[in-house]
Structure formats: C-alpha cells, structure tokens
Amino acid sequence: MKKLLLLAGTALAVALGATAASAQDKTKACFIYVGPIGDFGWSYQHDQGRLAIEAAFGDKVETAYLENVSEGPDAERAIERLARDGCDIIFTTSFGFMDPTIKVAKKYPDVKFEHATGFKTAENVGIYNSRFYEGRYIIGQMAAKVSKAGMAGYIVSFPIPEVVMGINAFMLGAQSVNPDFKVKIVWVNSWFDPGKEADAAKALFDQGADIMVQHTDSTAPLQIAEERGLKGFGQASDMIKFAPNAQMTSIVDDWSAYYVGRVQAVMDGTWKPENKWGGLADKGLMMAPYTNVPEDVAKAAAETEAKIASGEFHPFTGPIFDQDGKERYAAGVVAPDGDLLGMNWYVKGVDDKLPQ
Amino acid sequence: MLEAIILTVITAATPLLLAAIGELVVERSGVLNLGVEGMMVMGAVCGFAGTLTFGTPFAGIIAGALAGMAVSLLFGFATLTLVANQVASGLALTLFGLGLAGLIGEGFVGTPGLKLPALFIPGLTDLPVVGRILFGQDVLVYLSFALVAGVSWFLFRTRAGLVLRAVGDNHGSAHALGYSVVKVRYLAVLFGGACAGLGGAYLSIAYTPLWVESMTAGRGWIALALVVFASWRPGRLVVGAYLFGAVTILQLHAQPLGLGVPSQFLSMLPYLATVVVLVLISGNRRATRFNTPACLGTPFVPDR
C-alpha cells in the first residue's frame, strides 16, 4: 500500500513538474478556500478577488484554487500541493490555515504566502485581514435603534478572537444607543450549515429576539428573518436578494484591490511580507446600502461609517469594561491592534459564557 | 414556545426521515448504499433547479426525486450488474454527487428560491396548539409519514415485501426459488434514490429555500446511522429521526438561555443520544440479529 502511494505520488509530481515548466513565464496565484466558492459568503468573496486578478492581468497570470479544504491536517497537504504545483503566491483564506501555512512556507522558501485573519508571519508569509469589527459596530448601533424588543440574536461559529471581537464591537455599538441592549448568542460550531443556521435563527426569534446578526456564511438566517417579518444583517456579501424586506445592511468583504496589488508586487519583484489590516478606510470593507430602516437610522449609520473610515473614531475606544466589570481600557484609550487580534473576553452586557 | 420548538423539530427531522426510509428499503434488500449524501445533494440541486425552471416547488419535488433515482441507477449498475464493491461504490457516489451537484448548481448560487407552501385548512389549521403542528405542514412532511406507513405495510404485509426481505436475508435461496435477486435490488436501490432525492429537495425548497454547494452538510450520513439505530424497522425510524431532530433543536434553544453548559458539549448531544440508544438496542443480541438483513453488503453472483 505504502509503495503504491509512493508510486502515485511520484507520478503526480512528474505530472505537476511538467505543468510548472510550461507555465514559467506566467505568474501563478493560488487560493485555498475553507468553504465552497458557491457559499455566497466568505469563500465566494475571496473567489471574486481571484477573478479580479484574472481580469486585471489577463494572460499574464494563471490562477488556481482548492475549495472546501477543512481546517485540519488536510490543509497542510492541500497547501503543499499548490506549492509544488508551481504557484508563485498562495493565499490561504481562513484562520485555521495559519499553522499549516507557516509549516509549508518553511519547506518552500521561494513561494510567497499570504494568510488571512491570522497573526503568525515568516520571511515568506505575510498576513492580511479586514477590520470587520468596524462594520459590526455600525450594525450594533442600527440594531439598538430598530429593535423593539431591545434584544438581538447572534449566530456564531467558533470562539476565535475574530468572532469574539465582532460580538464585542456589536455590543459596544448597541450600548452607545441603548445601554441595556441585550444579545442572545448561539454557537453552531460550523462556518457553513444552512439548515443548522436556520434552526438557530428560529430558536433565537422564538426566545424573543427581533434582530438577527450572524457570523456564519449562509443566507439562511436572513431568510428566516424575512419569513417572520423581522430584520437582520447580511454577512460577507450583499444578501438583499434573499431578504428584500429584512436586510438592513450587510458587511461586505472586497478583497479584489488587495489581491491585485499583491500579485502586481510579485510580478515587479517587490513583494515583502506585510501585516495588512484594511477596513472601511481603504474599501476592503464596505457596507451594503442601508435599507428597510427609518431615514434617521440610515443617516446615523452613514455618519458613523464616515467617522470610522476617516479615522476620527475607533469602535474600541475606552472606557471599556469586561463582563466582570473590570476596566480594560480607560476613557479615551484605544485598544491596540495586538489586543484586538487576541481578544478572548466579552465586554460588559454580553450574557454568555465564552467557551474556552 | 413549545409549539415553536415542535414546529422547528419537524423541519429538522423530515429530511432525515425521508432519506432514511429509502435507505431502509435498500438495506432490507441486502444492499448497503453509502451514497445517501450524494443522492441527497443531487436531489437538493435538481429540486431547486426544477422549482425555478417551472416556477413551482411541486416541479422541484419531482425533479429532486428523479435526480436521486438517476444517480442511484449508477450505483445499481456498478454494484448489481458489474458486482463492484458496495462500500467503495457508495462512497464514490457521495463524492461524485457532491461534485456534480456543485457543477449543476453553479448558475443558481446567489439566487433566492421559492418556498414550498404549508397546508392551510380553514378551521383545522386555526385550532389552538395542535392546529399548525398537525394541519399546517407542507406536503413533504405528510409524505414522509405516508412513506413510513407505506413501507411498513409493504415490507411486513405484502408478498412483494416478503420477497424483498427474503432477497436481503438469503439471496441464494431467493434465487433458487426463482426470484430475480438483481431485479428486486435494482427496484429497491431506485426507491432509495428517490427518497434520498426527496430528502435533499426538502432542504433546498422547504427547509432553507436556497442552493449552496454541500448544503446537505452531512445529513446523508446521519440518515444512514438512523437506519441502524432503527434496527431496520420503519416505525423506529420515526422515533430516531424525531429524537435526533429534537435534541439538535433543544440544544440550540438551551444555549441562549445561558445555562452555562459549553456549546461544544451541547452540539455533541444529538450524536451522544444516538450512540446511547444504539448501545441499549444492541444489548438484545438476538433481536438485533433477527432484524439485520443477513446478506447486507454481500454482492450477489448467481452460481449456475
């Protein structure tokens, strides 16, 4: 069996070597996605970025991707396969790909790597992320203004800093309008399971929430909001078609400009590992049109958006207290990026215990 | 509150029940088809496509069932005509189905679907508490129960059902008696495909009216487990599917109540419940052996 595998491996390597040789004059940009490109959410938006590279460089580039790669040992094999396959730059687009990316990068020093949403870098590994929390602060304010129940339901995937940061930003935004605003949280332990996300949405509405917030990738929770005549927010892409009367806005990721820029840098030979954390300011993050809300709510949201984009206001500005009432940031102090990226505590007012 | 929970449980249990009742018949005929997930996802994409193309969810139901049958025919050809290994063919069917469905569905990503309307009988559906639960479901929910009753009657009350069970228990004897083992198994596999297709179609036109790749998210595997859980008896399948659905939904309700139980543990509960019941059932060895189709998974090659 082992011999057979070895044989198959050699055959594959030979085949791949052949393609690499013929494609030497082209720059090859490769992607690893955690979900299917048809999720119409996270992975879909990354793939839009890949298509933007193709559109920008035409036949000077070649792109490839592997979708549905799970965040485990499989990821390492998948990334390594792309590295062997002659990719010049590899974008690994989920938090769980962090350690596999670093591992493979060590073995392939000539290949450039870009890891999304993580915090580990190396000589040939850069990281990039988007300040989703900026959008989440805005929707928090909107939720608190629109909600009659004074309570939102929040569907989340895994207890990683990115998600916790999102919940905190949402609550800070909501509390800036209504200090007693409540949030009910359901962990579905999956980035993508439309059925389970729909069930979670129903459970949250049944328990009295009237606003749906999600940090999972499918349109199912918004569809439930639409069905019940309640409101919610989209995630990753503009989901208005699925909830024409329910979606108030959506936090839209746009990776195109960043991806095109990085591939250009590889072509010019100027690529260096960076720690890029974009957001509303550089349009890596955009808010879908504010709809289905009273005019003053939309206006206030647009104002907050402008303030955050211009750098006039940072959502994580003290005073910020944690659940135990301890002051984490004094009045006027802005939480440093390092703290945000490792956030593992809830702000005051979140009625949930963080799974450790 | 209770009414809301029960309504959600019904939605969660129906796709499992639909897929599992088909697989139960397949396994009763002695064939182990591990491709339920693949057939379900094909049913989901074709159900969605059929709904949008013809503008009615009822066309989607038919398209879903036909799609499930079409891919199950491939499995039947491989395992029954070519006598290939059933486990390998079933796994291949799952992978194939997931891939093909993604390809077919590419153009439908990001398009909202139509939802299968729920039944409304003036007077009955308005009844307090039980009205919506008993008389306000969509047609596939009623169909799932009709299928369970029908399969139960067919397997244990008809001559054809007896032949099917005989084929599953001892294909050599059934063949010697002059029954066409391969024909019976083909029909069973096709029925299983249609049911899995219906289960998938339920996902994309009733549960969450949308199409996204891999939207079955492992439900085909749970349906497979439920058949063993039910020890190949249709009635117990209802218990299993609804128990699984109920624990899934209750854990989602328990979380926002803030009981302080880790969510990972709660997510585990449905599976834990399944394992516990399986252990309890297998305590009675004789009954288990009595119900298990003796030829399950064994390829049939007639010795002439």
Side-chain angles (χ1 to χ4, degrees), chain A residues 35-41 43-44 67-68 151 153-156 158-159 182-190 192-209 217-224 226-227 237-244 350-356, chain B residues 1-5 7-9 11-12 14-16 44-45 98-99 101-103 105-113 115 202-204 206-219 245 248-268 270:
Chain A
I37 55 171
D39 66 359
F40 204 61
S43 296
Y44 175 84
E67 57 182 334
N68 261 329
M151 180 162 72
Y154 203 128
I155 303 174
V156 272
F158 297 104
K182 288 197 170 42
V183 64
K184 278 192 184 283
I185 293 172
V186 169
W187 298 91
V188 291
N189 292 313
S190 164
F192 185 74
D193 181 341
K196 209 167 171 192
E197 291 169 49
D199 291 341
K202 286 181 200 164
L204 286 164
F205 281 141
D206 290 340
Q207 296 203 6
D217 296 343
S218 90
T219 51
L222 262 184
Q223 280 185 305
I224 300 296
E226 179 82 18
E227 247 178 68
S237 54
D238 191 349
M239 297 173 168
I240 189 81
K241 272 195 283 177
F242 288 86
V350 177
D351 185 21
D352 184 52
K353 232 183 100 188
L354 193 59
Q356 293 292 347
Chain B
M1 185 64 155
L2 186 68
E3 188 198 6
I5 293 179
L7 284 172
T8 321
V9 170
T11 348
T14 301
L16 299 176
V45 71
L98 287 169
L103 189 69
E106 217 188 333
F108 292 104
V109 170
T111 318
K115 194 174 162 91
Y202 185 81
L203 289 176
S204 67
Y207 206 144
T208 52
L210 57 93
W211 162 252
V212 275
E213 270 184 60
S214 318
M215 71 182 293
T216 42
R219 284 183 181 75
T248 311
I249 299 306
L250 284 178
Q251 67 98 355
L252 291 175
H253 272 275
Q255 280 192 48
L257 288 178
L259 303 179
V261 187
S263 69
Q264 290 93 334
F265 177 78
L266 290 171
S267 306
M268 195 180 78

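Here is the naming used below: chain letters follow the sequence lines, and residue numbers restart at 1 for every chain. These numbers come from the heavy atoms of this one structure, side chains and all, not from hydrogens, waters or symmetry mates. On a predicted model such as this, the values are computed, not experimentally measured, just so you know.
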Q.
Any non-hydrogen side-chain atom of B:T208 less than 4.5 Å from a side-chain atom of A:S218?
A. no
Q: Working to the nearest 0.5 Å, report the span between CG of B:L252 and NZ of A:K202.
A: 10.5 Å
Q: Pick one of side chain, backbone, both or neither for B:L203, based on which atoms fall under 4.5 Å of a heavy atom in chain A.
A: neither
Q. Roughly how far, to the nearest 0.5 Å, is CZ of B:R219 from CG of A:D193?
A. 4.5 Å
Q.
Given heavy-atom pairs under 4.5 angstrom as the criterion, report whether the side chain, backbone, both or neither of B:E106 touches chain A.
A. neither
**Q.** Under 4.5 Å from any heavy atom of chain B - which part of A:E67
**A.** side chain
Q) Side chains of B:E213 and A:I37: closer than 4.5 Å at any heavy-atom pair? A) yes
Q. Among A:V186, A:T219, A:I185, A:L204, which has the most heavy-atom pairs under 4.5 Å with chain B?
A. A:V186
Q: Examine whether an atom of B:P15 lies under 4.5 Å from a heavy atom of chain A, and if so say whether it belongs to the side chain, the backbone or both; otherwise answer neither.
A: neither
Q: Return the minimal non-hydrogen interatomic distance between B:L210 and A:A220, and the atom names on each side.
A: CD2-N, 3.9 Å
Q: For residues A:D206 and B:T8, determine if any side-chain heavy atom of one lies less than 4.5 Å from a side-chain heavy atom of the other.
A: yes
**Q.** Between B:Q251, B:H253, B:M215, the one whose heavy-atom pairs under 4.5 Å with chain A are most numerous
**A.** B:H253
(Q) To the nearest 0.5 Å, what is the distance between CD1 on A:I224 and OH on B:Y207? (A) 9.0 Å
Q) In terms of heavy-atom pairs under 4.5 Å with chain B, which of A:G195, A:G35, A:A200 leads? A) A:G195
Q | Region of A:D199 that comes under 4.5 Å of a non-hydrogen atom in chain B | A | both
**Q.** Test item: B:K115 and A:Q223 side chains (from C-beta on) under 4.5 Å apart, heavy atoms
**A.** no
Q | Largest heavy-atom contact set with chain B, pairs under 4.5 Å, which of A:F205, A:Y154, A:F158, A:F40 | A | A:F40
Q: Please look at B:T11 and chain A and tell me whether the side chain, the backbone, both or neither of the residue comes under 4.5 angstrom of a heavy atom of that chain.
A: side chain
